[in-house]
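For the numbers below, each heavy atom of this structure counts, side chains included, while hydrogens, waters and symmetry mates do not. By convention in this document, chain letters (A, B, ...) are assigned in the order of the sequence lines, proteins followed by strands, and residues within each chain are numbered from 1.
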Amino acid sequence: MQRTRSNRLTGLAYVAPALVFVLVFTVYPLGRMVWMSLHNWSLIAEPRFIGLDNFRQAFSDRQFWTSFLFTLKYTALITPVLIIGGYLLALLTAPVSRVRAFTRTVIFVPVVIGLGVSSLLWYWLFSTDFGVINRILLDLGLIDQPVLWLGVDAGTSNFAISTSVVWKVIGFGMILFVGAIQAVPAEITEASLVDGAGYWQRIGRVVLPLTMRTVLLVTLVSVIGSLLAFDQFYIMTAGQPQNETATSVFFVYLNSFPYLKLGYGAALSLILAVTILAFTIVQLVLTRRSES
Amino acid sequence: MTTAPARTGYLIAAACLTIATVMLLPLAYSMLASIKPTAEAAATPPTYLPHGVSLDSYRRLWDYQEGLLTYLGNSFGTAVLTIVLTLLLTVPAAYGLARFPIPAREPIFVVLLLALIVPYQALLTPMFLMFAKIGLTNSLLGLAVLHTTIQLPFSLYILRNTFAAVPREIEEAAVMDGAGSLQILRRVFLPPTVPAVVTVTLFAFITSWNEFLGALVMMSSSAKFTLPVILATARTETSLGGTDWGMLQAGVTISIIPCVLVYLLLQRYYMAGLMSGAVK
């Protein structure tokens, strides 16, 4: 299209609604969050400028570190399972066949249901007295008495919640890996077969390197998703015991909404956002490097 | 005697079907529990299969607090508003970005994709305060605005790419015929980009229908709760004294059905969207 003035204006008119929307509902809140993080504000009293005090307070707040480290622990627990498990499921279901395509469809079903709703489902499955998981373990003789899965011990809760989340999202990575594996040219895998390479050798030397970009991408998405975990912990443990299973977003939520420490909550949000940005940059650099 | 490759084939099929069963068991078990009679749904230890069939759990859910219809209506209403807002904002923007010589096009595109790197969870407090000021808290429209901010970058990204791939020749022919830009958008661009528009609609629905934290924070009266939020409150506060497990599973079943149906019916679009979203 010609670079006329009227074309420029028409184009801008088409983009304007979205641009205004993003400026009002994303850019402005972002600026506002930075402003809030520099103030002491309880909603009742006027905001008071306190510089970086909120950040100083955060880093010396034991509860902040507990939530931050717990979130990292959860992320470290769940990411390898999602990546390795998802990749193995993709290797199993990628070749063309009806049974495999059916399995792929089924594994993906939990991805489209809500995390809140799937957490409610697993909250019940893991319930001490009413949950079928304890019943199965008791019937199999693996345990002598019902296990208190949720909200009593942070480690046990983390394990139970991670199990439910793996069930819910493993299909996401799998589908992207299937796409990447199917895109590996058949001649390359065939050539390696002729060379007498075994199945796992072929996967390790040919398929995996060619799908590395997707592996990194899924890792990034999984890590960010885990760092932002909230629904499953809010529903399944409500942060118990003693806020030991309160994730970073949970901690931000507690301070901002029930406690109304708005400035402090904003500072915590900002720390969280910067952490996520840092992970994103590291991943992008790794992706670039894996391509060159 | 079976040959080695055939045996491998059977093993793979068996492994696939085992995994598929394990994945489906929680959903199937929840659906079965939702039709257990009240006493059985609250039994310790729980039964594996229902010994009787009853719709009592659904009846209690139907009447729970403001009534199931209110919550279904809130969830559907928010999802529909989210879809409408998302399409109204992203279809024209994608067209403008793909085809017009807009000044500072790249910076504008980056700003529009900003929400991809700034998670909405981190922006919730300032958004809540702003919404409170302009009357958008405790409102379906307000929640839809929030869901649109989450959905906008992904939708715009997919639509811009599809619009950019429409051949220029058809567009030029329409210009020769004297068609205006709106006509061109409607007659030239929309027909071939229907799959992308369906994809965007589908993702907007699923995002809005499933979103929890924003709905929890933005809605203050239980009459405005969405389905996941009212179910989350129902996990502890019910008329039966303890948790009403049967009713909860009836709620889980009802929440899951639209998503699974939409996914199974529109699988092709869903996968296409996921793949094009993944290469960004």
Check your understanding: Does the side-chain contact (heavy atoms from CB on, under 4.5 Å) test come out yes or no for A/F108 and B/M271, once each step is laid out?
Key -> CA-CA 10 Å; A/F108 196 79; B/M271 293 309 158; 3.8 Å; yes

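Counting heavy atoms from C-beta outward, B/L274 and A/F172 have side chains that approach closer than 4.5 Å. B/P26 has its side chain within reach of A/L125: a pair of non-hydrogen atoms, C-beta onward, lies under 4.5 Å apart. Between B/R235 and A/Y123, the closest side-chain pair of non-hydrogen atoms falls below 4.5 Å. For the pair A/V117 and B/N210, the minimum side-chain heavy-atom distance is 4.5 Å or more. When side chains are defined from C-beta on, A/W124 counts as touching B/Q249, because their heavy atoms get closer than 4.5 Å.
Among B/S255, B/P153, B/P46, the residue making the largest number of heavy-atom pairs under 4.5 Å with chain A is B/P46. Top candidate by heavy-atom pairs under 4.5 Å with chain A, chosen from B/L112, B/L17, B/I206, is B/L112. The choice from A/V24, A/L138, A/T103 that makes the most heavy-atom pairs within less than 4.5 Å of chain B is A/T103. Ranked by non-hydrogen atom pairs under 4.5 Å with chain B, the options A/V20, A/D129, A/L92, A/V99 are led by A/D129. In terms of non-hydrogen atom pairs under 4.5 Å with chain B, the most contact-rich of A/L272, A/L228, A/L12 is A/L228. With chain B as partner, the option from A/I107, A/I224, A/T105, A/I276 having the largest number of non-hydrogen pairs under 4.5 angstrom is A/T105. Across B/I12, B/L24, B/L114, B/L248, the residue that shares the most heavy-atom pairs under 4.5 angstrom with chain A is B/I12. Taking chain A as the reference chain and counting heavy-atom pairs below 4.5 Å, the highest number among B/P103, B/P228, B/P258 is found for B/P103. Counting heavy-atom pairs closer than 4.5 Å to chain B, the top residue among A/L9, A/L23, A/L30, A/L277 is A/L30. With chain A as partner, the option from B/L146, B/T149, B/I19 having the largest number of non-hydrogen pairs under 4.5 angstrom is B/T149. If you tally non-hydrogen atom pairs under 4.5 Å between each of A/V111, A/I170, A/I136, A/T280 and chain B, the highest count goes to A/I136.
Residue B/V217 touches chain A through its side chain alone, counting heavy-atom pairs closer than 4.5 Å. Only the side chain of A/S127 comes within contact range of chain B, judged by heavy atoms closer than 4.5 Å. Both the backbone and the side chain of A/P17 come within contact range of chain B, judged by heavy atoms closer than 4.5 Å. Residue contact with chain B, scored on non-hydrogen atoms closer than 4.5 Å, involves the backbone and the side chain of A/V15 alike. Only the backbone of B/A43 comes within contact range of chain A, judged by heavy atoms closer than 4.5 Å. Residue contact with chain A, scored on non-hydrogen atoms closer than 4.5 Å, involves the backbone and the side chain of B/L213 alike. Residue B/L156: no heavy atom, backbone or side chain, is found under 4.5 Å from chain A. Neither the backbone nor the side chain of A/L270 comes within contact range of chain B; no heavy atom of the residue lies under 4.5 Å from a heavy atom of that chain. When heavy atoms are compared at a cutoff of 4.5 Å, A/M33 approaches chain B by way of both its backbone and its side chain. At a 4.5 Å heavy-atom cutoff, the contact between B/L97 and chain A is made by backbone and side-chain atoms alike. The contact between A/D139 and chain B is made entirely by side chain atoms (from C-beta outward), counting heavy-atom distances below 4.5 Å. Only the side chain of A/Y253 has a heavy atom closer than 4.5 Å to any heavy atom of chain B. Contacts of A/V109 with chain B are made by both backbone and side-chain atoms, with heavy-atom separations under 4.5 Å. Interface remark: B/V145 contributes backbone and side-chain atoms alike to the contact with chain A (heavy atom separation under 4.5 Å). For A/W122, the part sitting under 4.5 Å from any heavy atom of chain B is the side chain, from C-beta outward, and nothing else. Of the atoms belonging to B/V252, heavy atoms from both backbone and side chain fall under 4.5 Å from chain A. For B/L231, the parts lying near chain A are the backbone and the side chain together; criterion is any non-hydrogen pair under 4.5 Å. Looking at A/L120, the atoms closer than 4.5 Å to chain B (heavy atoms on both sides) sit in the backbone and in the side chain alike. Contacts of B/Y48 with chain A are made by both backbone and side-chain atoms, with heavy-atom separations under 4.5 Å. The part of B/L216 that comes within reach of chain A is its side chain, from C-beta onward, which places non-hydrogen atoms under 4.5 angstrom from that chain. With a threshold of 4.5 angstrom between heavy atoms, A/V218 does not approach chain B through any atom at all. Using a 4.5 Å cut-off between heavy atoms, A/F257 touches chain B through its side chain atoms alone. Looking at A/L19, the atoms closer than 4.5 Å to chain B (heavy atoms on both sides) sit in the backbone and in the side chain alike. Both the backbone and the side chain of B/Y29 come within contact range of chain A, each with at least one heavy atom under 4.5 Å from a heavy atom of that chain. Of the two parts of A/F25, the backbone and the side chain both hold a non-hydrogen atom closer than 4.5 Å to a non-hydrogen atom of chain B. Both the backbone and the side chain of B/L182 come within less than 4.5 Å of a heavy atom of chain A.
For the residue pair B/M275 and A/I175, the shortest heavy atom distance occurs at CE-O, 3.4 Å. Across A/R104 and B/Y263, no two heavy atoms sit closer than the pair O-OH, 4.5 Å. Counting all heavy atoms, side chain and backbone alike, A/N7 lies closest to B/F100 at O-CD2, 3.3 Å. Taking each heavy atom of A/W167 and B/V22 in turn, the nearest pair found is NE1-O, 4.4 Å. Shown here for B/S30 and A/L121, the closest heavy-atom pair between the two residues is CB-CD1, 3.4 Å.
Atoms CE and OH, from B/M127 and A/Y28 in turn, are 11.5 Å apart once rounded to the nearest 0.5 Å. A/R32 contributes atom CZ, which lies 11.5 Å from atom OG1 of B/T125 (distance to the nearest 0.5 angstrom). Distance check, rounded to the nearest 0.5 Å: CE of A/M36 to CG of B/L129 gives 5.0 Å. With values rounded to the nearest 0.5 angstrom, A/S256 atom OG is found 8.0 Å from B/L124 atom CG. With rounding to the nearest 0.5 Å, the separation of CG in A/L115 from CD in B/E211 is 10.5 Å. Taking CZ of B/F212 as the start and CD1 of A/I235 as the end, the distance is 4.0 Å to the nearest 0.5 Å.
Between A/Y14 and B/Y95, the ring planes lie perpendicular to each other; the angle is over 60°, past the 30° to 60° tilted range.
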